[in-house]
Amino acid sequence: MRPDTPAENVDHATEAARLERTAGLYPEDAEALLLRAAAHLELSGDRPAATTLYDRLLSSATDLDHPHLVRALKASNLWEYGHEAEARAIIEGIRATAPREPAPWVIIAEALESHDELEAAHETFTEAARLLLTDTEDPAYATHPLLFGRHRVRRMLGAPHDDWDTLADSLNTAPVPLDELHDPNRVWSLGSDNPAELAAEISRLRAELGTYREALSRPFPVAVLHWPADELSELVADYPELAAEYPSYETHLATVEESLRELAASGTQNLGIVTGTVPSYEAFAASEASSPGDPTLLPQYATTLAARGRAVAWPPQRGAGCWCGSGRVYGECHGRIDV
């Protein structure tokens, strides 16, 4: 996620350097940390240095978790400082490989849109929607930007609403409807002498900014900590003071699912699950100069894992395996209504 904090409040070059150092300490999380470092370099204006980080990731001997995302970010960055031909080639390559995650599609479609390639942007958003949203009644949170971006481009093209536009409207949580937020005539109201038109536009801008800030305020998921059975057994054996937190493995699994459902019911979005290991938790406790037996460390550990890119989105996509590792489909395991 791109950290769009204003440059006057953050030294982006310094933050990028800090993240690069952290990546050296946690090589298993280098991908997530270096992507954030590259985003800071872009915001600092040093786009060639950001490209160097993207290339560093792509040439790494370690397999990337999200190679299409790295390529999409590289393409978007290249286009911004004059390397249009290379950017277009990367974008076409991503479209040809048809990744099964939404983020690369959103990035390349928005890159096309920002350079007034509206028809190509619409085609890209639509390809992604067909691939990821067909036969999906409840789209995952990560796919919402696909629908919102497609709606926006279609409004600029003057296309009539279709079923996916209607779905986008239903997912919009802003107080202003998407048709108003994405109205191509809004730019004219900014130059109007009519106070009512200006007041209405200010209201729309505030709603749009509020939604934008809400998304930026949570650059990584709100994550609940999950322990595999063997790790939980070792944890409680080594630190019996945590037994009250984890009376049994079955209770732990039920609590994870219940906590996530309660968060979802309260309106919290972008939820995820992080999986703990005893060695990692002990290292975290040592870094905090605290005992691993302190239960107040557990939520801090979960947040740290999420910040390092370790969270898996919840709920799983339709037909996907359950997060608990049972091997069963989520809908037939912890995703059952009666769980």
Side-chain angles (χ1 to χ4, degrees), residues 1-117 120-121 124 128 142 145 149 212 215-216 218-221 287 304-311:
M1 188 67 70
R2 293 169 182 268
D4 291 323
T5 308
E8 62 267 23
N9 297 331
V10 173
D11 185 336
H12 289 291
T14 299
E15 183 64 11
R18 183 190 69 79
L19 287 164
E20 285 193 66
R21 290 193 299 272
T22 305
L25 296 173
Y26 300 101
E28 69 276 17
D29 298 322
E31 182 177 345
L33 293 166
L34 291 179
L35 284 180
R36 290 169 60 191
H40 279 289
L41 289 171
E42 288 190 37
L43 290 168
S44 74
D46 195 351
R47 292 188 176 275
T51 294
T52 298
L53 281 188
Y54 295 135
D55 286 336
R56 174 178 163 186
L57 283 168
L58 292 169
S59 62
S60 171
T62 304
D63 289 339
L64 298 177
D65 293 328
H66 305 287
H68 299 298
L69 173 62
V70 179
R71 291 188 180 91
L73 289 168
K74 178 183 175 181
S76 176
N77 181 53
L78 283 169
W79 204 335
E80 290 300 323
Y81 71 108
H83 296 267
E84 178 182 343
E86 187 177 355
R88 285 182 180 276
I90 296 172
I91 288 172
E92 288 307 309
I94 292 171
R95 292 177 65 177
T97 55
R100 303 292 301 190
E101 54 184 330
W105 288 103
V106 172
I107 291 164
I108 62 174
E110 289 184 346
L112 291 163
E113 177 188 354
S114 68
H115 290 88
D116 297 323
E117 302 277 352
T124 303
Y212 184 58
L216 289 176
R218 195 176 305 130
F220 45 83
S287 71
T304 299
L305 290 177
R308 287 165 52 189
R310 290 289 178 175

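Heavy-atom minimum distance, Ala109 versus Ala121: O-CB, 3.5 Å. Across every non-hydrogen atom of Leu19 and Ala37, the tightest pair is CD1-N, 3.6 Å. The shortest non-hydrogen separation linking Ala142 to Pro102 is O-CG, 3.4 Å. When all heavy atoms are compared, the tightest approach of Pro27 to Gly24 is CD-O, 3.8 Å. Counting all heavy atoms, side chain and backbone alike, Pro104 lies closest to Ile94 at CB-CG2, 4.4 Å.
Interatomic distance, OG1 of Thr51 versus CD of Glu86, reported as 8.0 Å (0.5 Å rounding). Arg36 CZ to Asp29 CG: the interatomic distance, rounded to the nearest 0.5 Å, is 10.5 Å. The distance from the CG atom of Leu33 to the OG1 atom of Thr22 is 6.0 Å, given to the nearest 0.5 Å. Here the OG1 atom belonging to Thr52 is positioned 9.5 Å from the NZ atom belonging to Lys74, to the nearest 0.5 angstrom. To the nearest 0.5 Å, the span separating CG on Leu58 from CG on Leu53 amounts to 11.0 Å. Note that the CZ atom of Arg71 and the CD1 atom of Ile91 stand 14.0 Å from one another [nearest 0.5 Å].
The backbone N or O of Ala111 lies less than 3.5 Å from a partner atom in the side chain of Ser114, making a donor-acceptor pair. With hydrogens and angles disregarded, no donor-acceptor distance shorter than 3.5 Å links the side chain of Ser60 to the backbone of Arg56. The main-chain N or O of Arg47 is found under 3.5 Å from a side-chain atom of Asn77 such that the two form a donor-acceptor pair. The backbone N or O of Pro99 lies less than 3.5 Å from a partner atom in the side chain of Trp105, making a donor-acceptor pair. The backbone N or O of Ala120 lies less than 3.5 Å from a partner atom in the side chain of Thr124, making a donor-acceptor pair.
Checking His66 against Glu101 by side-chain atom types alone, a donor-acceptor pair falls below 3.5 Å.
The closest side-chain heavy-atom distance from Glu15 to His12 is not below 4.5 Å. Using a 4.5 Å cut-off on side-chain heavy atoms (C-beta onward), Glu20 and His40 make no contact.
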Give the C-alpha distance, both sets of side-chain angles, the deciding distance and a yes or no for side chain to side chain contact (heavy atoms under 4.5 Å, CB included) between Ile108 and Trp79. CA-CA 11 Å; Ile108 62 174; Trp79 204 335; over 6 Å; no
Evaluate Arg88 against His115 for side chain to side chain contact (heavy atoms under 4.5 Å, CB included), listing each step before the verdict. CA-CA 11 Å; Arg88 285 182 180 276; His115 290 88; over 6 Å; no
